[in-house]
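Scroll down for the structure; my scribbles are underneath it.
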Amino acid sequence: MSETSHILVIDDERNYLLVLQTLLEDAGYTVTAINDPETALAFLEESEVDVVITDMKMPKVSGREVLERVKKNWPHIPVLIMTAFGSIENAVDLMKYGAYDYITKPFSNDDLLLTLHNATELARAHRHYRLLQAAMEERYGVHQIIGRSRGVRDITTMIERAAPSRSTVLITGESGTGKELVARALHLASPRREAPFVTMNCTNLTAASMAEELFGHEGQAANGAIAIRRGRVEQAEGGTLFLDEVAALSPELQIRLLHLLQDRHFERIGGTEIVQADVRIVTATTRNLSALISEGLFRDDLYYRLNVVEIPLPPLRERREDIALLAAHFINKLVHENNLTLKTFSPDAMNFMTGYEWPGNIRQLQNVVERCLVLVPTEIINVDDLPPEIRDEESQFKSAVDLLPVQLDLADTLEKIEAALIRRALVRADLVQVKAAEFLGISKSLLQYKLKKYSITGH
Ligand SMILES: Nc1ncnc2c1ncn2[C@@H]1O[C@H](COP(=O)(O)OP(=O)(O)OP(=O)(O)O)[C@@H](O)[C@H]1O
Ligand SMILES: [Mg+2]
């Protein structure tokens, strides 16, 4: 692939330039040869270039200045310096300013081609990396957190506020509420965005293997030397370590994590060397950590270290106004990614969707949308096309009741449910009482009586 790389060669001696151009073109490169540095730098503004080769001594603008300007404006382009034998010291000096390498004139063609080949490989790795980075930001940036509810606006504000610092962040919320998405968006909004985002689910492994997975391992190799395996903490160096389901950490690992947070260094399992760690720790949990603390299952000192900033994610049923928006977002995304036919939900179908409890939250909504896109043959998705648990009122009712504790005060609970249903109907009716009464199948005067009884005002 390096054959197609575009090389910019700058040298004030025209003859030399010509020789170089022929040599590189014969080797399969695309070459732009320019004998005036200013013109060459202007060319960089207009054209994508993979590697710059510049002479060191030129009358108006020196190779050093070319290097400085390229590094400032296009830091990813490797710059190769050509220098006469007598000025090697200066060339070595330029390495400190970020030159990729230098070659002394006169050079052997093989040496030049080898050095250039390595430089184009580096340029290609950079290009590849930038594409991946752009794809990550496209997929997981803050702008991918969809919703206009108060809850979602609060989340994006908190992400933006918390991003610049290295404070720990604890993300709480039911399954499928977007915890991982928020963790990634936080990383991408932070100054650490170019460094790794490493995740680890604490429920997946036994305590012993998890310790090694997190902190790495040191042991004796067959030849007697120390063998080192890096853990996730080291892999995330300079970046963010996301610990999912942090409640599942064993007591021993809780202590190790606490020490890591306090001391910013750690020891690998089986090792003695102290390893410095610059990582931001973000954790997530579906479980209530305070309850686990009172049961003695989670250390409170660790908890306070972990939730310097807490981002609670509301369940989808508490931000129903986002359901239609999210459904449209997933339709667009899935249609685009999988080349499916565009479909829309009928108003009736959407009513059922916004009324459903969504125990699996946004992930469940995404799955339902995908299923409808794949299975429904028509362009309109009707009520009958919805999965039974959403269109069947009986099972909706059942799933709502399933969420209640078995032991409860019946009269009190019924009143709470009645008040909640009235509030929901009002919101869904845009606060128009006649419409809300219609949703509930009661008269307007009965509704007004109940509004008073439960002290429900505007919202
Ligand atoms: N506000 C949102 N806007 C758009 N997509 C979202 C939003 N929240 C979550 N998603 C999407 O929903 C899916 C589930 O989100 P995610 O995996 O982050 O949830 P989670 O809380 O980590 O779930 P679990 O607890 O099951 O691991 C993902 O595909 C994610 O991109
Ligand atoms: Mg998750």
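We count ligands from 1, going down the list as the structure has it; atoms in each ligand are counted the same way. Throughout, residue positions are numbered sequentially from 1 according to the sequence presented.
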Present, as a list of atom pairs with distances to 0.1 Å, all nitrogen or oxygen contacts under 3.5 Å between ligand 1 and the protein.
residue, atom, partner, partner atom, Å
ligand 1, 1 (N), Ile146, N, 3.4
ligand 1, 1 (N), Ile146, O, 3.2
ligand 1, 3 (N), Gln144, O, 3.3
ligand 1, 3 (N), Ile146, N, 2.9
ligand 1, 17 (O), Arg363, NH2, 2.8
ligand 1, 18 (O), Lys179, N, 3.4
ligand 1, 18 (O), Glu180, N, 3.1
ligand 1, 18 (O), Leu181, N, 3.0
ligand 1, 19 (O), Gly178, N, 3.1
ligand 1, 21 (O), Thr177, N, 3.3
ligand 1, 21 (O), Gly178, N, 3.1
ligand 1, 21 (O), Lys179, N, 2.8
ligand 1, 21 (O), Lys179, NZ, 2.8
ligand 1, 22 (O), Glu180, N, 3.2
ligand 1, 23 (O), Gly176, N, 2.9
ligand 1, 23 (O), Arg363, NH2, 3.4
ligand 1, 25 (O), Lys179, NZ, 2.7
ligand 1, 26 (O), Ser175, OG, 3.0
ligand 1, 26 (O), Gly176, N, 3.4
ligand 1, 26 (O), Arg363, NH1, 2.7
ligand 1, 29 (O), Gln366, OE1, 2.8

Legend entry - Donor on one side chain, acceptor on other, Gln364 and Tyr356, under 3.5 Å: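 Yes, a side-chain donor-acceptor pair sits under 3.5 Å.
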Legend entry - Aromatic ring pairing His187/Phe197, orientation class (parallel under 30°, perpendicular over 60°, tilted between):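 Taking Phe197 first and then His187, their aromatic rings sit tilted (interplane angle of 30° to 60°).
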Inset, instruction - Identify which one of Asp50, Thr30, Val49 satisfies the side chain to side chain contact (heavy atoms under 4.5 Å, CB included) criterion when paired with Ser5. - result: Asp50
Inset, instruction - Evaluate the side-chain proximity of Val169 to Leu186: yes if any heavy-atom separation is below 4.5 Å, no if none is. - result: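 Counting from C-beta outward, Leu186 and Val169 do come under 4.5 Å.
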Inset, instruction - State, with a plain yes or no, whether a side-chain heavy atom of Thr286 is found less than 4.5 Å away from one of Lys179. - result: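 Of all side-chain heavy-atom pairs linking Lys179 with Thr286, at least one is under 4.5 Å.
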Inset, instruction - Please determine if Arg256 forms a cation-pi arrangement with Phe215, meaning its NZ or CZ atom is less than 6.0 Å from the six-membered ring centre and no more than 45° off the ring axis. - result: yes
